[in-house]
Amino acid sequence: MIKRAIAFALLAGLGLVFLALWQGFEPDPSLNRSALYYAENTVTDTGAANIVAAVIVTYRGLDTLGEVTVLFLTAAIVAMVLRGGLADSGPRPGRWPTGELLHTGSRLLVPLIALFGAYVFLNGHLTPGGGFQGGAIIASAMLLMLLTDPARNFSHRLIATTESVSGLAYVAIGLAGMALAGGFLDNRILPMGEFGSILSAGAIPLIYALIGLKVGAEFSSILLSLSEREK
Amino acid sequence: MDFQWIKVAYALLTLFIVLNYGLLMTAVIQKMGARAGRRYGIRVYQNYIDLLKNYVLRSKITHGYMYYLGPVFRLTGGIGLLLFVPTIYGSEMWANFSFSGDLILALYFVFFGTLGMALGAGESGHPLSALGVSRGLSQVTSAELPFAIAVFAVALQYQTLSVTEIVAAQQGGVMSWTLFTNPFAVAAAMLGFLGSMMRAPFDVVLAPQEIPIGPPTEFHSAYLALLQTNRNIFPVAKIVIYMNLFFGGAASWPVFGIKVFLLYLVSAFVGVAFPRFRVEQSVRFFLIWGVPLAIVGLYWV
Amino acid sequence: MVYLALATGFALILLGLYGAITRRNLLRLIVGFTVADTGTHLVMVSVGYLPGRTAPILGAAVPPEVAALRIIDPVPQALVLTAIVIGLGVTALMLAYAWRIYATRGTLDISRLRQLKW
Amino acid sequence: MVSAISIIAIGLGAAFLLGLMREGREALAHALTVLALGAMSAVAVGWLWLLGPGGAAVQEITTAGTMPPFAINLRVGLTEAVALVMITLAGLASALHMRAVLLRMGRRAMAVLLIAVMALAGIVMTRDLFNLFVFFELAAISTGGMVLLSDDEDALGAGFKYMIVAQIVSILLLIGIIFAYHATGSLNIDDMGGLAAMGGGAALAVFLVVAALVLETKPFPANGWALDIYQAAHPGFSAILSAGTGTAALIAVDKFAGAGGAALAPVLTGLGLLTFVAANLLGLAQTNDRRLLGYSSVAQTGLILAVIGQREALGESYLLIAGGLLVGHAIAKAGLFWLSGLVKGRDLTDWATLRRSPLLVFAMATFLAMLLGLPPFPGFYAKWALVHGLVASGGGALVALVLIGALIEAGYLLRWFGFTMKREASEAVASTPAELALVLAVALAGWGAGWIWGEVGPYENLLRAPALLLALAFLLLDWLPARVKNVAAIAALIGGFAASFASYDPLQMIFAAIIMPGGAVILLASFYEHGRRVGFYPSAMLMFAGMAMLIVAQSSFGFFAAWEVLTVGSYFLILRGKYSEPHALSYVLFSLGGAFAIMAGFALASGGMANFTMAALAQVPLTLAPWVFILLALGFMTKTAAIGLHIWLPGAHAEAETDVSPMVSGILLKAGLFGLMVLMLQMGSPSLYGVKLTYVLLWIGALTALIGNLIAAFQEDAKRLLAYSSIGQMGYAIFGIALMNHLGWLMALMFVINHYIYKSMLFLSVGGVAKRTGTRLMYKMGGLIALMPLSFIAVLIGIIAMSGVPPLSGFGGRWIFYNAIMESDARAPMIVIFLSGPIAFLYLFRLIHSIFLGQLKDENRRLREAPFWIVLPQMLYTAFLLVFAVVPGLALRRVDGYLSTIFPEHGLNWDGLTIRSDYGYWSPVSVMAVTVGIFASVLLLLVLLNHRAQKVKQFNIVYSAERPFRPETTHFAWNFFAPYRKALGFLLAPLATTFWDGVTGSLHGAADFLRRFYTGDGQHYAYHVLGFVLVLILIVGGGL
């Protein structure tokens, strides 16, 4: 009881802080200088139509690299954690076989979902979406497959290779930016292309593709690790 | 100051006079004490007999080197003390070896004999000797306190540490004696004097009336003779210091004789009148009565 | 509208945290944090919102020349994306921990993880 | 030079590359990891080299080809480069250290390690607030992963608690960041300056960011999670956590501090100091080594946080201080964590196993010294500069807190070192050569850092001081046999004296004479030791080097450094004694406390100036002078063991080895006297509230003399007796100096020589006897005069000299003393010192009687004289005492002449053989001649009468007609001065001991009570964090 009261009091205090923030908040009437810069210069700087994508991949590319790394890291740690527990997991009761509907449906859906994922990350610089979204969609295909056939063996090797190769390529592109263009992760190492077309915006589509693959692989890896615990 | 060998002769003469004086005086005072107790007492020349007897006795025993040297230390302490202090004021001849050092030398030389004796007694291995030393050191060191402070008061009063100059400052009538110019210091010093004389009520160190106890327990024959000799010189030497510091000194041998006798009588008188203190009592006594008096004396200056 | 979204975000944070710091079950605790994370993301997006504007994607609807007047702030959106992914990573990690704790200790009660203290 | 961003690229690339590897190729993966970390370190070191000695400009690194604030940028300046080097090297070393566990856990674990290091580097370099968040999250997640490397099952719980806290922190941080962005329209930290002053949510936003960043530095009390991690994680990772993560978090706070404006500074300072003091206090109650290191890490980080808060006040020395503390902490803590990986048990006492390997002990000592800020390590310069800087800006209270915290830290760290050196050791450490090499390399890096700080700082480089280098050289010689080293040590002392002989003034000469030739004489006794005696010579020479540097020090810094050096050396030396563990600890704590007082005193006097000559003490403004005087005198008197501060001495001196006791008693104590003399020479006698401070010193000296002597008289242990006697003797010396007149000083100086001689001699004799009898209890001895005559003679001469009985030289001291006090008006303390005088006779007699006289015990009948090499120096001293007794003019006259330049009045006159003062006279030769003459005559008489005396057997005594046969009952020795105890025992009440026991007891009690705050429940830790933030906001509320 005391514990709840303390928790309540503490959160009430935090709530007061938030209240003060809330009261003091006023939406900007116009874009602030950073946003203004992006609005005015994204096209010339990067050639991307999706400003958010430009910010993510180029201007704040280092964040995104870190973000990808977070997933990589989590995948690695989750694998470590779960593998470490192998000895403890005793035999599990068998499962009900999955239904025919799911089987057939997934055969149809998995390629479509994967294709959609690829579309999303390849068009990230033009339309809403991008590498993360695309990657997540690809991973959902994976999830579907796992649901269909929990016993199925996936190639860890393939996933790991995809994950690593795309990661390495990402870093390599970043370094290439330093060598060939204005700095680390500068997207102008590739031609800017025509604004609005798929092969434009320099390295952004390439990076997004790598991110998409990597994220997809990492999510898959995490899902796989978790599901293998269930076997 | 050039050293003259004749001084050695004077020193020996002083020694001779003091020794005889001491022998006679102690006997007289002992006799007076006995008479006061309605006893007959010893013969006046008894001390001579005892001394000679012990000198003549031969011993084949020693407990070791320190034992052997103990009485030597003791007697050296007594004689040295006598000779480092000018005996008769105003006389180069009877100033003996006082050119070697001042009052401080005398104060510290007292311990020369004490230390040697204690060491000799210690080596004898007799537990009662050691016990006596323990008592003696405890008592003497605390009796020394009021005395030392009083001495220092006197030194401050006269702004000198030289015994001769202190005596010189007290010339010109009885009223210029320290006894009257700084009575508290003198009172304190006299308490210390009683303590260091090892007479009743502070005689538990030697406890002569009971079984043998105290540092001399194991000493006999010639060793004892040396100690006895010292027992007749050392008190006189000490009294000489008191006389010089507090009672105007002595400008001639007769004055010397009278003053020393009277001072000695004080300790004897107290001894007859008071019961014996245990050591811790006497330690407390000196700290409670002696030291405050001395402090008053020190601030009196 | 913005204020409402902001308030909702803050409320979600508090709600989520309340769950996270009072529930003893590790899984509920993780759910609490997920809710709080969502609230945080909502707050972030709300702060970048400018009333009456559209998404920062150029094209036919928003030609680059007038972008400055038509779009909302793209930065919080980018940040939120990153934050979401990071939150996801942390959640996955916490779940893995919870599983491992259950496997080794046989409990999901956080108050029984007090071996280290003082 | 490649761009510093390649540190991030290399880390990431290697991590991804690891993903490509097949299972089962762990060795290759590890090689790749090490290679990558090596490359990262190389880049970091390269930049440090370019920015430091190379003088290159700060590197701005932009990304995406766009200028900040529109794209993320990074920056590497000198500070960042230092941090990068520490982080990458810590990572590299840990990767090597954790090889076994990394191989077991596989390539994923290595990838996590790489990413952790990379993320920390990112935190250091980035200038973008959100990017900072990303790197923080990376660091947090990888921490969560690295915790799993531990074998400790509890690590899981710790990791989970950590993640709870990390979640809360990240929520706060995100909210703060987004509102900061809203207020400034930028995410760049460089645009955040003065942000707090902007309206809207800006102030709160800044506050939330600051709170989150500060929480990353693990402030008290919201740091329970960190402690659990430290305790449970693999030590290799804890090293990174302490050296790397802590560094990165501090750099982050430092970066953002500008945004908070002036109001933030006091908050950071307060938090930092609170953490420093509280964590150190709680550290006192720890028994688990890694948790202890955790507390210490937290504390050190807190201190640096406080320094960051005081950045403005510290001005240009800021970098020197913060960097020094940071580097010292990082190296030491990483090294200690790695060491803890080698120790099997987790209890502090289990570290005793290190003792089998001197190299590991050396490493541990190095690390602890670095943590404690001892010379010549960076922390020493930093602490000195910090205290000076704080004093200069009026932060006296801060100084007090820093020093108290540091003292508590010293308490538990050195107690631990004591355990290591003294506790029961199980089997030796099983360390591979690689692990050993790693730890040693880190220790050497610490020395290297010390060199660098010495070079770049505004002070002298201590590692350039010839004396210190000479002492350190003995570390390299430690593989030689003890006797060879002894020859070298004696040669070094004599050589050192000969080399600087001509440059001393007479005052320095006296001290130099007892330090160097005097030390050499004592070292003669060390020849009796066989074997290698590992550690003895470096410690002893360190002490001698400190002393030698002390007496010639010109600047306050040099003086203080020398003081610390001699303290450290003597601590190691004292710790060598068999049972000296607690005593060495109390010695070093008192000494460090004293040293801190000295440092504070100097800082106060200098007004913050870096270079302050000792001579300038004379110009301290009148308002400050008394306080400076008090602080310095207090410091010096801890060394001379003045009353109240004396309780360390008896144990330390008594339990030390036979040849160490004379060194620490005869020589070391004089350092305090030298300090007091220099102090009064420069400052005279300032008054405080109308009381002359030297008058207070008179009282202290007198009371010390009284109590020291009195307690000595009641000791049964011979060496403790001598030790208490030293206390008393130092009381006399202080009294003499405090008299502030010619003869008082002359006496004190004579005392310096005399005390050296007779105390060294007595300690050696007693030590030799104790060596033979196997006990130091005097009542168990007795009658040894026949068996050990030479030792007896030494003690005899020693006690005669010491008691001041004519004709030996001790009397000279007394004579000068009486003349000196004749001039003084201070009568009350004089009385006290009179009281203490005769008591010396008591203990001295007891010493010689109980050991050498009385009854020989059965078990001692077959003893031989003490070893030749122990007796030899005693005989040299005896000879010297006899000579000095006759011709005290040897040294006295020159010193007297020198003192006339300081106190022109009331000197001595030299009239042939007679020495005259204003009051009295003394002729040493005559006294000796007369005494010897009389003695010889009387002896002759006795020999004539008694020449055939034969020695009788032991029990041939008059004993109530019985022959006693049991020496135990016949030897009157135990409680020898029973009547005295009855009369004066009340003075012996151990008030000081009770007082200090109370202080330490209540500190421990408080620590034990307060640490229950860390309940171990992750949700409670969450409360702590939230509560911390709220309280902070209440405090800051007005300011922001």
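Reckoned from all heavy atoms, side chains included, excluding hydrogens, waters and symmetry mates. By convention in this document, chain letters (A, B, ...) are assigned in the order of the sequence lines, proteins followed by strands, and residues within each chain are numbered from 1.
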Report the option among D:L148, D:T62, D:V112 that has the most heavy-atom pairs separated by less than 4.5 Å from atoms of chain A. D:V112
For A:E26, which atoms come within 4.5 Å of any heavy atom of chain D: side chain, backbone, both, or neither? backbone
Quick one: closest heavy-atom pair of A:R188 and D:A64, and the distance? NH2-O, 3.5 Å
Relative to the ring of D:F70, is the ring of A:Y37 parallel (under 30°), tilted (30 to 60°) or perpendicular (over 60°)? parallel
When the 4.5 angstrom heavy-atom criterion is applied to A:I6 and chain D, the contacting part is side chain
Distance in Å, A:L185 CG paired with D:I5 CD1, rounded so as to fall on 0.5 Å steps: 7.0 Å
Measure the shortest side-chain to side-chain distance between D:S3 and A:F184 over non-hydrogen atoms and say whether it is less than 4.5 angstrom. no
Would the number of heavy atoms belonging to other residues, nucleotides or ligands and lying under 6.0 Å from CZ of A:R33 be above 12? yes
Whatever's closer than 4.5 Å to a heavy atom in chain A on D:I175 counts as side chain
So which part of D:F179 gets closer than 4.5 Å to some heavy atom of chain A, the side chain, the backbone, both or neither? side chain
Mind ranking D:N131, D:L156, D:L1026 by heavy-atom pairs under 4.5 Å with chain A and telling me who comes out on top? D:N131
D:I61, part contacting chain A, at a heavy-atom distance under 4.5 Å: neither
Side-chain contact, heavy-atom cut-off 4.5 Å: D:V134 with A:L65? no
For D:A119, which atoms come within 4.5 Å of any heavy atom of chain A: side chain, backbone, both, or neither? neither
Report the distance from atom CG of A:L62 to atom CD1 of D:I8, rounding to the nearest 0.5 Å. 5.5 Å
Report which part of A:Y170 has an atom under 4.5 Å of a heavy atom belonging to chain D: side chain, backbone, both, or neither. neither
Look at A:I77, A:N32, A:D63 and state which one has the largest set of heavy-atom pairs under 4.5 Å with chain D. A:D63
Could you check whether any side-chain N or O of A:S164 sits under 3.5 Å from a backbone N or O of D:F16, counting only pairs where one atom can act as donor and the other as acceptor? yes
Closest approach of A:Y38 and D:A71, non-hydrogen atoms and distance? OH-N, 4.4 Å
Find the one option among A:V57, A:V55, A:L10, A:L11 whose heavy-atom pairs under 4.5 Å with chain D are most numerous. A:L10
D:L1030 portion near chain A, given a 4.5 angstrom heavy-atom threshold: side chain
Which distance, rounded to the nearest 0.5 Å, do you find between the OG1 of A:T69 and the CD1 of D:I115? 6.0 Å
Which answer fits A:D186, side chain, backbone, both or neither, if we ask what part of it has an atom under 4.5 Å from a heavy atom of chain D? both
Donor-acceptor pair, distance only, cut-off 3.5 Å: does the side chain of D:H182 make one with the backbone of A:D28? no
Go through the atoms of D:N188 and report whether side chain, backbone, both or neither lie under 4.5 Å from a heavy atom of chain A. neither
Whatever's closer than 4.5 Å to a heavy atom in chain D on A:L31 counts as neither
Looking at D:A15, D:G1027, D:A111, which has the largest count of heavy-atom pairs under 4.5 Å with chain A? D:A15
Between CH2 of A:W22 and CG of D:L204, what distance do you get to the nearest 0.5 Å? 15.0 Å
So which part of A:K3 gets closer than 4.5 Å to some heavy atom of chain D, the side chain, the backbone, both or neither? both
Relative to chain D, which of A:S34, A:G61, A:G183 shows the most heavy atom pairs under 4.5 Å? A:S34
Picking from A:K214, A:E163, A:Q23, A:E67, which has the most non-hydrogen pairs under 4.5 angstrom with chain D? A:K214
Segment of D:M118 engaging chain A (4.5 angstrom heavy-atom cut-off): side chain
In terms of heavy-atom proximity below 4.5 Å to chain A, should D:T184 be classed as side chain, backbone, both, or neither? backbone
Side chain from CB out, backbone as N, CA, C, O: work out which of these in D:L114 comes under 4.5 Å of a heavy atom of chain A, or both, or neither. neither
Which atoms of A:L21 come close to chain D, meaning under 4.5 Å heavy atom to heavy atom: side chain ones, backbone ones, both, or neither? both
Is there a donor-acceptor pair closer than 3.5 Å between any side-chain N or O of A:R157 and the backbone N or O of D:L20? yes
Please rank A:V171, A:N187, A:V165 by heavy-atom pairs under 4.5 Å with chain D and give me the top one. A:V171
Which region of D:F133, side chain (C-beta onward) or backbone (N, CA, C, O), has a non-hydrogen atom less than 4.5 Å from a non-hydrogen atom of chain A, or is it both or neither? neither
So what's closer than 4.5 Å to chain A heavy atoms on D:L138: side chain, backbone, both or neither? both
Is D:I141 close to chain A through its backbone or its side chain, or both, or neither, when contacts mean heavy atoms under 4.5 Å? both
